[in-house]
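Input: a single structure, listed below in structure tokens.
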Amino acid sequence: MSDTLAAPQVLRNDFDVEAVRAQFPGLQQEVNGRPLVYLDTAASAQKPQRVIDRLAAFYAHDYANIHRGVYDLSQRASDAHDAARETVRRFLNAAEAKSCIFVRNGTEAMNLVAESFVADRLGPGDAVLITGMEHHANVVPWLRLRERKGIALKVAPLTDDGALDLDAFTALLNEPDTKFVGVSWVSNALGTVNPVKEIVRRAHERGVPVMVDACQAAQHIAIDVQDLDCDFLAFSGHKVYGPSGVGVLYGKIAHLEAMPPYQTGGDMILSVSYDEVVWNELPYKFEAGTPDIAGAVGLGEAIDFLTELGIEDVARHEAEVMAYALERLAEVPGLHMVGNAPERCSVLSFVVDGAHPHDIGTLLDLDGIAIRAGFHCAQPTIEAMGHPGTVRASIGLYTTKGDIDRLVDSLKRVAAMFA
Ligand code: PMP
């Protein structure tokens with residue numbers, strides 16, 4: 001990411017943001033009488049027309065339940081679902097499609113790891129290590145295991161600018177009771193990009209498995225799970241321009257084979273009697289019940305959209321808009337960035353003197369600008385930075401410098417009201 005941030009002034013001809021925007025019907029609307037400026041992509045991304053069309057076509061022509069039918073339509077639906085899994089495999093550069101489990105979202109992926117991998121292996125005297133910038137989805141499962149299983153939770157501190165204190169993290173990692181690491185690749189509250197490859201390397205030197213929360217990374221950074229060598233990686237479909245209701249857990253095959261199922265019922269068994277159950281093979285062991293079939297197909301379409309645009313070009317465009325936004329936000333009187341890590345992407349978290357983040361959010365909405373206000377599901381992080389919440393504007397592949405101009409104009413008016 002540092003390369004992309006180092007060259008924000010380079011004008012690119014091959015990423016036509018207006019042509020990209022034209023593919024998003026959700027962006028072509030007015031809100032409160034103004035053209036919508038959508039700066040909440042970190043919470044959920046708008047959907048390109050081709051994803052919407054794919055969902056509609058699948059439901060209209062190819063829909064049936066998968067894996068069960070002997071009839072043509074069910075076979076077609078199964079093939080489309082399998083193809084989506086293969087698309088996910090390519091997206092992550094996983095060696096095998098069966099290491100990619102479809103789940104509901106990133107939250108479910110991380111709960112699955114907590115329950116099926118960590119809960120049975122760790123107990124009193126063992127600790128899970130996370131960072132001080134985790135989303136609640138990588139905090140609360142460990143608090144529950146602490147209560148139920150007596151494991152400890154260690155939290156690596158951040159520097160004042162919201163970067164991970166890697167030395168402090170490593171010191172905690174070196175403690176003999178540290179048995180598992182969960183770390184976000186990109187913080188949804190601060191935008192900090194963590195050195196996940198180095199973290200995995202250091203953890204593996206000590207035999208400690210690592211789960212990477214890629215919910216804010218998959219839409220901005222090319223992922224190669226083999227190169228990263230992480231044990232688990234989670235992301236959500238709705239943040240990568242796909243449908244809500246579907247996400248992915250990648251896991252190393254050896255771990256997934258050894259783990260008990262997360263949920264039980266239909267599809268995740270090979271045979272059942274009242275005396276004995278034989279679990280299904282991967283990935284089905286972890287996909288109990290009828291999944292979000294169309295959601296997976298739509299996610300495959302979204303990944304194709306993203307990879308055809310080129311994730312490096314997307315990242316370069318977003319870094320340009322980010323650099324412009326940082327420059328322009330500095331013009332707003334009383335505005336303070338929360339999190340200024342040298343490696344960051346997409347997320348701009350800030351406060352304005354005298355104004356509560358929720359009031360700012362409401363006033364910006366009146367100008368047709370959608371941002372997020374509050375803790376961003378990272379309450380301990382925001383509180384540790386000394387704030388009762390922040391305003392968060394987040395950049396996606398369709399964000400323009402014009403969007404940032406509208407944000408800055410509105411913020412100047414808001415700042416004047418509270419000055
Ligand atoms: N981790 C991070 C870093 C996130 O930003 C989010 C979503 N805000 C999640 C996990 C949880 O994702 P979901 O709500 O899709 O389960």
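We number each residue from 1, following the sequence as shown. When a ligand or atom number is given, it counts from 1 through the structure's own listing order.
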- Message: Taking 4.0 angstrom as the limit and counting only heavy atoms of S236, give me the atoms of ligand 1 inside it, by number and element.
- Response: 12 (O), 13 (P), 15 (O), 16 (O)
- Message: Applying a heavy-atom cut-off of 4.0 Å, say which part of M110 lies close to ligand 1: side chain, backbone, both or neither.
- Response: side chain
- Query: Which protein non-hydrogen atom lies closest to atom 1 (N) of ligand 1, naming both residue and atom, and how far is it?
  - Reply: D213 OD2, 2.5 Å
- Set of side-chain hydrogen bond (donor to acceptor under 3.5 Å, both in side chains) partners for R146, sequence neighbours left out: none
- What do the steps show when you test T178 against K154 for side-chain hydrogen bond (donor to acceptor under 3.5 Å, both in side chains), and what is the final call? CA-CA 8 Å; T178 301; K154 299 179 185 177; 2.8 Å; yes
- Item | Aromatic ring pairing W142/F180, orientation class (parallel under 30°, perpendicular over 60°, tilted between) | tilted
- Message: I need the atoms of ligand 1 closer than 4.0 Å to a non-hydrogen atom of Q216, numbered in the order shown.
- Response: 3 (C), 4 (C), 5 (O)
- Query: Just heavy atoms, cut-off under 4.0 Å: does E108 contact ligand 1 by side chain, backbone, both, or neither?
  - Reply: neither
- What is the nearest protein non-hydrogen atom to atom 4 (C) of ligand 1, stated with its residue, atom name and distance? H135 CD2, 3.3 Å
- Task: Verify, without hydrogens or angle tests, whether N194 (side chain) and S184 (backbone) share a donor-acceptor contact under 3.5 angstrom.
- Result: yes
- Query: Are the aromatic ring centres of F117 and F232 under 6.0 angstrom apart?
  - Reply: yes
- State if H376 counts as touching ligand 1 under the rule of any non-hydrogen atom under 4.0 Å. no
- Query: To which protein heavy atom is atom 7 (C) of ligand 1 closest, and what is the distance rounded to 0.1 Å?
  - Reply: K239 NZ, 2.6 Å
- Note on the structure: Honestly, for R104 the part within reach of ligand 1 (heavy atoms, under 4.0 Å) is neither
- Task: I would like to know whether H336 and F350 meet ring-ring contact (aromatic ring centres under 6.0 Å, His included); could you show each step before the answer?
- Result: CA-CA 5 Å; H336 309 280; F350 56 85; over 10 Å; no
- Query: Is ligand 1 under 4.0 Å from a heavy atom in the side chain of T107, in the backbone, in both, or in neither?
  - Reply: both
- Query: Do other residues, nucleotides or ligands put more than 12 heavy atoms under 6.0 Å from the CZ atom of R34?
  - Reply: yes
